[in-house]
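Hydrogens, waters and symmetry mates play no part in the numbers below; they use all other heavy atoms, side chains included. Throughout, a chain's letter reflects where its sequence line sits, starting with A, and its residues are numbered from 1.
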Amino acid sequence: MNYNWNWRIFFDASPEGNGTYLDMLLSGLMWTIATALCSWIIAFFLGSLIGVLRTLPSKPANAIGTAYVELFRNVPLLVQMFLWYFVLPEVVPTRLGDAIKQLPDAPFYTAVVCLGFFTASRVAEQVRAGIQSLPRGQRMAGTAMGFTTYQTYRYVLLPNAYRIILPPMTSEFLNNLKNTSVALTIGLLELTARARSMQEFSFQVFEAFTAATILYVIINLVVVTAATFLEKAVAIPGQR
Amino acid sequence: MLSNFDFSVIVSSLPYLFGQGMVFTVTLTAMAALGGVIIGTLLAMARLSGVPGLTQVAKGYVELCRSLPLVLVIFWFYFLVPYIGAYVTGSSTPIQVGAFPSALITFMAFEAAYFSEIMRAGIQSIPKGQTAAAQALGMNYWQTMGNVVLPQAFRNMLPLLLTQTIVLFQDTSLVYVLSLTDFMGAASKVAQRDGRLVEMYIFAAVVYFVICFSASFLVRRLQRRVAIIR
Amino acid sequence: MTSSPMPAPHATEPAAEAAYAPADAGLQPGHLVSGAPVAAPGETMIAIDNISKWYGDFQVLTNCTTKVAKGEVVVVCGPSGSGKSTLIKCVNALEPFQKGQITVAGTKVADKGTNLPKLRSRVGMVFQHFELFPHLSITDNLTIAQRKVLGRGAEDAKKRGLDLLARVGLGAHATKFPGQLSGGQQQRVAIARALAMNPVVMLFDEPTSALDPEMVGEVLDVMVELAKEGMTMMVVTHEMGFARKVADRVIFMDRGEIVEDAKKEEFFGSPRSERAQTFLSKILQH
């Protein structure tokens with residue numbers, strides 16, 4: 001095999017003229033992290049709401065929650081990305097559509113919203129499973145003490161459910177982070193996109209992808225470590 | 001606006017969308033799922049084998065795949081496979097590999113990591129007594145696995161394996177980044193050619209939804225039946 | 001915590017009289033119901049009027065009618081599946097019912113206009129599996145509903161909560177979490193939690209049946225104390241020793257019906273129905 005390794009390539013100036021290839025990859029990393037965090041905020045709150053809807057003693061609420069989850073889970077993320085980016089501006093009133101198209105950093109905002117709504121369906125499933133795994137008596141005890149439904153969720157069910165689902169929620173957070181790379185299809189210059197452009201400019205395929213791989217692995221390790229600390233911090237004395 | 005939604009562009013491209021695109025998608029999904037389950041099962045067995053080295057290698061591979069975005073892995077294999085081919089055949093230059101085999105290898109290797117986690121849980125769900133009983137009857141490791149443990153593990157995990165296959169079916173749309181003509185690729189090519197993005201992407205979404213929703217509905221029914229029998 | 005002077009007789013259910021050894025729970029002096037309205041015997045506190053309930057086609061309660069007067073202690077017993085737990089959960093509308101009416105302290109439970117959270121805040125309930133909130137400390141378990149439902153200040157709520165905790169003999173455990181206490185201790189906390197709301201009536205849904213036999217006594221002691229102080233109580237239990245000691249009336253249920261509703265002496269002396277006789281002979285022969 002005759003592949004010419006050149007690990008010094010990272011310190012060469014990139015043809016974009018504002019820094020080295022390493023700077024290029026790190027700027028991609030920043031976009032990846034920013035997109036992941038912003039979309040997670042949407043996913044967490046919207047997903048919790050949808051998950052709660054599916055556990056309420058109300059048929060219409062259950063139906064809305066189920067419809068949401070089924071809709072966002074059964075369409076590929078790439079297709080959803082295109083719907084938000086290419087289709088949405090065309091089907092809303094023309095002036096609004098034009099305003100969306102002229103947004104600076106439109107790929108970023110689109111990716112945040114798209115991933116937020118997509119991941120919300122997964123968060124919803126975790127929240128629902130967490131609430132349903134609690135003993136039935138907990139809801140009854142809250143109700144029996146005079147808590148309203150809102151109070152029962154706020155003070156009894158959710159604090160327990162979130163603790164139980166912390167490990168799967170960590171996975172969903174990481175999935176969401178990895179899914180940011182799908183946004184390269186709508187032009188977001190995140191880490192994978194930057195590795196790809198570095199490969200196109202420099203022809204050093206494997207150095208570029210190795211660097212991206214290492215960066216992804218590091219983020220994963222950081223998140224998993226942080227989650228372990230979080231789990232310890234919120235652990236309840238006397239349980240498990 | 002939706003008032004000038006043009007159905008004719010969808011109708012006229014149906015043979016292309018399904019005849020080429022969907023056939024590619026379904027073939028890729030089926031073969032990748034089959035290969036992924038086989039490799040995944042071997043990975044799970046390696047990880048549970050307790051053999052020093054083997055366990056760690058299997059674990060490392062699975063963890064690595066699970067921490068990388070599929071898009072990056074697709075790029076990795078797209079450039080790596082020609083070199084692997086050259087290494088295997090002893091050629092001095094990278095070998096040209098067709099788009100389909102390249103995509104197939106990618107998805108088999110990547111999804112194997114996810115299938116292996118399911119199979120690991122499946123194998124671990126079989127009571128230790130089953131292995132003991134098989135060994136007491138004089139079976140060796142492969143006989144025990146093949147005749148006793150794996151058949152039960154597959155059976156218990158079938159709903160999860162199928163659900164993961166539905167995810168795989170959706171994931172194959174990402175071969176778009178290699179400009180391959182899967183269902184989404186075909187829809188996208190028509191969309192660009194005719195300037196009909198709204199129609200084609202909405203249609204693609206509807207098709208994916210109908211297929212995945214029906215499939216997951218069937219999986220849920222299967223799950224209930226499996227749950228009753230167990 | 002509980003060193004019963006008598007050896008726990010056996011581990012079979014239901015624990016019979018012998019398992020109930022008084023005065024081993026370290027009850028502190030003082031009244032458990034301080035602050036509760038003074039009982040004026042005779043006034044109706046709970047009126048259950050011709051209740052029927054179905055799960056789909058299956059009828060779980062059939063025309064149940066009874067009353068609990070202020071200050072009265074009523075024990076509800078019967079074989080499992082007889083509907084006794086369902087009946088007691090209808091009293092504070094944890095279970096809906098399709099026919100009839102229940103009136104608690106003058107408020108109709110099944111009326112559309114009834115403010116159920118408000119009604120429930122005045123009805124204390126103790127569950128079979130304690131249902132303390134596992135993520136909250138004992139103090140927070142005792143105070144959260146006082147603060148969030150009754151709107152009491154944090155200091156007042158804490159004072160009342162710790163006061164009651166001391167009276168069920170667990171003053172030293174205020175900062176612990178439910179998972180760090182034994183079953184018997186958790187159930188005593190659960191009773192204190194219900195009392196902290198100044199309930200006008202207390203409902204007990206098999207409060208000792210999830211406990212190890214050696215812990216039954218400490219919980220029953222608290223309940224006896226409560227009964228003696230004049231609390232209105234409706235208690236679903238198999239503990240016939242408890243019934244003998246403090247009950248005013250015993251209700252026997254079978255297959256969703258109230259088969260017998262009699263003064264304690266009559267019930268234990270000469271149950272009229274054959275079903276009650278069979279039940280009693282089974283439960284007392286241990």
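Between the CD1 atom in B:Ile74 and the CZ atom in A:Arg196 there is a gap of 11.0 Å [rounded to 0.5 Å]. The OG atom of B:Ser216 sits 4.5 Å away from atom CG of A:Asn74, with the distance rounded to the nearest 0.5 Å. Note that the OG atom of B:Ser173 and the CG atom of A:Leu77 stand 8.0 Å from one another [nearest 0.5 Å].
Neither the backbone nor the side chain of B:Ile211 comes within less than 4.5 Å of any heavy atom of chain A. Residue A:Gln80 does not touch chain B at all, counting heavy-atom pairs closer than 4.5 Å. Contacts of A:Val205 with chain B are made by side-chain atoms alone, with heavy-atom separations under 4.5 Å and no backbone atom involved. Residue contact with chain B, scored on non-hydrogen atoms closer than 4.5 Å, is absent for A:Leu191.
Side-chain atoms of A:Gln199 never come within 3.5 Å of backbone atoms of B:Phe79 as a donor-acceptor pair (strictly under, hydrogens ignored). Remark: the backbone N or O of B:Arg66 is paired with a side-chain donor or acceptor of A:Lys178 at under 3.5 angstrom.
Aromatic rings of B:Phe209 and A:Phe72 (six-membered ring for Trp) have centroids beyond the 6.0 Å cut-off, not under it.
Two residues are said to be in side-chain contact when any heavy atoms from C-beta on lie closer than 4.5 Å; A:Tyr216 and B:Ser67 fail this criterion. Side-chain contact between B:Tyr176 and A:Leu78 is present, with at least one heavy-atom pair separated by less than 4.5 Å.
Of all the listed residues (A:Leu83, A:Leu88, A:Thr213, A:Thr210), the one sharing the greatest number of non-hydrogen pairs under 4.5 Å with chain B is A:Thr213. Comparing B:Val177, B:Val210, B:Leu80, B:Val167 by how many heavy-atom pairs each has under 4.5 Å with chain A, the most go to B:Leu80. Chain A forms the most heavy-atom pairs under 4.5 Å with one residue out of B:Ala205, B:Ala191, B:Cys212, B:Ser188, and that residue is B:Cys212.
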Assess whether side chain to side chain contact (heavy atoms under 4.5 Å, CB included) is satisfied between B:Leu197 and A:Glu90, documenting all intermediate values.
CA-CA 9 Å; B:Leu197 276 66; A:Glu90 306 297 331; over 6 Å; no
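The aromatic rings of B:Tyr201 and A:Phe82 are tilted relative to each other, their planes meeting at an angle between 30° and 60°. Relative orientation of the A:Phe209 and B:Phe75 rings is parallel, given thresholds of 30° and 60° on the angle between their planes.
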